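Comments concern the structure below.
Since we're looking at a predicted model, the values are computed, not measured. For the numbers below, each heavy atom of this structure counts, side chains included, while hydrogens, waters and symmetry mates do not.
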Amino acid sequence: MFNTLKIALISTFILTGNLFSAQAAEIDLKDANGLALSANLELADGKTVADGLVLLTHGTLAHNQMEIIVALQTALAERGISSLAPTLSLGVAKRTGMYDCAVPAIHKHSDAMDEIGLWLNWAKDQGATDVVLAGHSRGGNQTAWFASREADPVVSKVVLIAPATWSADKAAKGFEKSHKRPLKGALAEAQGLVDAGKGDTMLKGMGVLYCPGADVTAASFVSYYEPDDRMHTPNLMGLIGKPTLVVAGSEDTVVEGLIEATQPLADAGTVELVVVDGANHFFLDFYAEDAADAIEAFIAP
């Protein structure tokens, strides 16, 4: 449950502009362990947090200043929709930019769900009573996972933008291509340590995600590679219990099979599916505007 992370301190709420005009703000929090987290708040013209917002989570090892997140926040603000985009800490205080692979990996896939819960609590503390959870790529999976297990009444809708897909075969092939060793043996080594209560053991040079040769704890490694059907976002869509929009790119080669796996759910009325023709995984250039249009139409009262 995300309540293992509590808001210990709101250390920064610095606005540019005034409370009743379009504005950006860096929001800093410290969790109960003292780790500093940060997010970018974009308030639409004339809006405050209490008027509601989109809580937008980025993808694998990324950050809130990557092009798709900045483009979406800007486009949503232009449409009168405020948004809050955290940078997931991945165990690093006030992390900026892409994750530094030289830093030993202690983070877990599930850490993001805890931090989504923390930022949701922050929004509620500011008076928000209508929050749309949104996420891109792995952040889409983490958003769906969070929404499927936390039935917070403040969450009105969920938006999944090119959310991650998964299969055991794809995971194995991807790991071997990136890290030049079979996943089966690496996972068995890490899982054995976790089962023995030694999840904090550092696996030197094991590699994880987009970081070949990186040092990673056994528990971190297992969290990303242990077979789990919930890593395939379409498996979570029917469990969310809130109106859900899936935005997919027709030319996305990263989240394989997303459209095909989601279409039956859309046909059954479980989710709404919008396919942006010509968009790749990152909805570059004007495709971000198309995604924002779909989000605006979906969350409009």
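- The side-chain contact (heavy atoms from CB on, under 4.5 Å) search around Ala112 returns Leu88, Gln142, not counting sequence neighbours.
- Ala144 and Thr233 make their closest contact through CB-CG2, 3.8 Å (heavy atoms, listed as atom of the first residue, atom of the second, distance).
- Side chains of Lys198 and Val194 form no contact here, defined as non-hydrogen atoms less than 4.5 Å apart.
- Using a 4.5 Å heavy-atom cutoff, the side chains of Leu120 and Phe146 are in contact.
- In this structure, Val254 is not a member of the same hydrophobic cluster as Ile161, with clusters built from ILVMFWY side-chain heavy atoms closer than 4.5 Å.
- Between Arg79 and Glu289, at least one side-chain N (NZ, or NE/NH1/NH2) sits under 4.0 Å from a carboxylate O, which counts as a salt bridge.
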Give the intermediate values and the outcome of side-chain contact (heavy atoms from CB on, under 4.5 Å) for residues Glu42 and Gln23. CA-CA 6 Å; Glu42 292 282 345; Gln23 58 201 280; over 6 Å; no
Apply the test side-chain contact (heavy atoms from CB on, under 4.5 Å) to residues Asn280 and Ser250: give CA-CA distance (whole Å), side-chain angles for both, the deciding distance (0.1 Å), then the verdict. CA-CA 7 Å; Asn280 67 12; Ser250 68; over 6 Å; no
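- Between His281 and His136, the two ring planes are tilted [angle within 30° to 60°].
- Here the closest heavy-atom approach between residue Leu258 and residue Pro163 is recorded as CD2-CD, 3.6 Å.
- When side chains are defined from C-beta on, Trp166 counts as touching Pro227, because their heavy atoms get closer than 4.5 Å.
- Counted within 6.0 Å of CG on Asp277, heavy atoms from surrounding residues, nucleotides or ligands total 12 or fewer; the atom is thus considered open.
- Considering NZ of Lys173 and OG of Ser178, their distance stands at 14.0 Å, rounded to 0.5 Å.
- Put simply, CG on Leu76 and OG on Ser82 are 9.5 Å apart, with the number rounded to the nearest 0.5 Å.
- Between Val246 and the options Glu272, Gln263, Met237, a side chain to side chain contact (heavy atoms under 4.5 Å, CB included) holds for only Met237.
- Taken from CE in Met113 to CG in Leu118, the straight-line distance is 14.5 Å, to the nearest 0.5 Å.
- If you check the side chains of Ser156 and Asp130, you find a donor sitting under 3.5 Å from an acceptor.
- Between the side chain of Asp31 and the main chain of Asn33, a donor-acceptor pair closer than 3.5 Å is present.
- Looking only at distances, a side-chain donor or acceptor of His63 sits under 3.5 Å from a matching main-chain atom of Gln65.
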Between Ile81 and Glu296, does a side-chain contact (heavy atoms from CB on, under 4.5 Å) hold up when you go through it step by step? CA-CA 8 Å; Ile81 301 168; Glu296 179 187 21; 4.1 Å; yes
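- Using modelled atom types and a 3.5 Å distance limit, the side chains of Asn40 and Gln73 yield a donor-acceptor pair.
- A 4.5 Å side-chain heavy-atom check between Glu67 and Phe283 finds every atom pair outside the cut-off.
- Using a 3.5 Å distance cut-off with no hydrogens or angles, the side chains of Asp28 and Ser38 do not pair a donor with an acceptor.
- More than 12 heavy atoms of other residues, nucleotides or ligands shown are found within 6.0 angstrom of CG on Asp195.
- Between Lys170 and Glu256 there is a side-chain heavy-atom pair separated by less than 4.5 Å.
- A side-chain N or O of Glu115 and one of Ser89 form a donor-acceptor pair less than 3.5 Å apart.
- Residues Leu236 and Ser148 share a closest heavy-atom pair of CD2-OG, 3.9 Å.
- Hydrophobic cluster membership differs between Phe286 and Leu72, with clusters built from Ile, Leu, Val, Met, Phe, Trp and Tyr side chains linked at under 4.5 angstrom.
- For the pair Phe298 and Pro243, the minimum side-chain heavy-atom distance is below 4.5 Å.
- Between Lys94 and Glu26, at least one side-chain N (NZ, or NE/NH1/NH2) sits under 4.0 Å from a carboxylate O, which counts as a salt bridge.
- Scanning both residues, Pro86 and Leu56, for their nearest heavy atoms gives CD-O, 3.2 Å.
- Val155 places none of its side-chain heavy atoms less than 4.5 Å from the side chain of Val132.
- Test Val275, Thr244, Val271 against Thr262 for side chain to side chain contact (heavy atoms under 4.5 Å, CB included) and you get one pass: Val271.
- Side-chain contact annotation: His58 with Thr87, donor-acceptor N/O pair under 3.5 Å absent.
- Between Ala214 and Cys101, the shortest heavy-atom contact is CB-O, 3.7 Å.
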Dump the intermediate steps for side-chain contact (heavy atoms from CB on, under 4.5 Å) on Leu193 and Leu203, then the final yes or no. CA-CA 10 Å; Leu193 288 165; Leu203 302 172; 3.6 Å; yes
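- Criterion: ILVMFWY side-chain heavy atoms under 4.5 Å apart, direct or through other members. Under it, Leu53 and Val158 are part of a common hydrophobic cluster.
- Side chain of Thr74 to backbone of Val70: a donor-acceptor contact under 3.5 angstrom is found.
- Residues satisfying the ring-ring contact (aromatic ring centres under 6.0 Å, His included) criterion with His107, sequence neighbours excluded, are Tyr99, Tyr224.
- Of all heavy-atom pairs spanning Ala219 and Lys108, the tightest one is CB-CE, 3.7 Å.
- The line from CG of Asp285 to OH of Tyr287 is 8.5 Å long, rounded to the nearest 0.5 Å.
- Judged purely by distance below 3.5 Å, without hydrogens or angles, the side chains of Asn141 and His109 pair a donor atom with an acceptor atom.
- Under a hydrophobic clustering in which Ile, Leu, Val, Met, Phe, Trp and Tyr are joined whenever their side-chain heavy atoms come within less than 4.5 Å, directly or via other members, Ile106 and Met98 fall into different clusters.
- Rounded to the nearest 0.5 Å, atoms OG1 (Thr165) and CG (Asn235) are 10.5 Å apart.
- In this structure, the separation between CD1 on Ile295 and NZ on Lys157 is 12.0 Å, given to the nearest 0.5 Å.
- In this structure, the side chains of Gln191 and Phe221 stay at 4.5 Å or more apart for every pair of heavy atoms.
- Under the side chain to side chain contact (heavy atoms under 4.5 Å, CB included) rule, Val131 has a single partner from Val54, Leu55, Val49, Leu84, which is Leu55.
- Taking 4.0 Å as the cut-off between side-chain N and carboxylate O, Lys124 and Asp152 count as a salt-bridged pair.
- Note: the hydrophobic cluster containing Val92 does not contain Ile116 (ILVMFWY, side chain heavy atoms under 4.5 Å, direct or indirect links).
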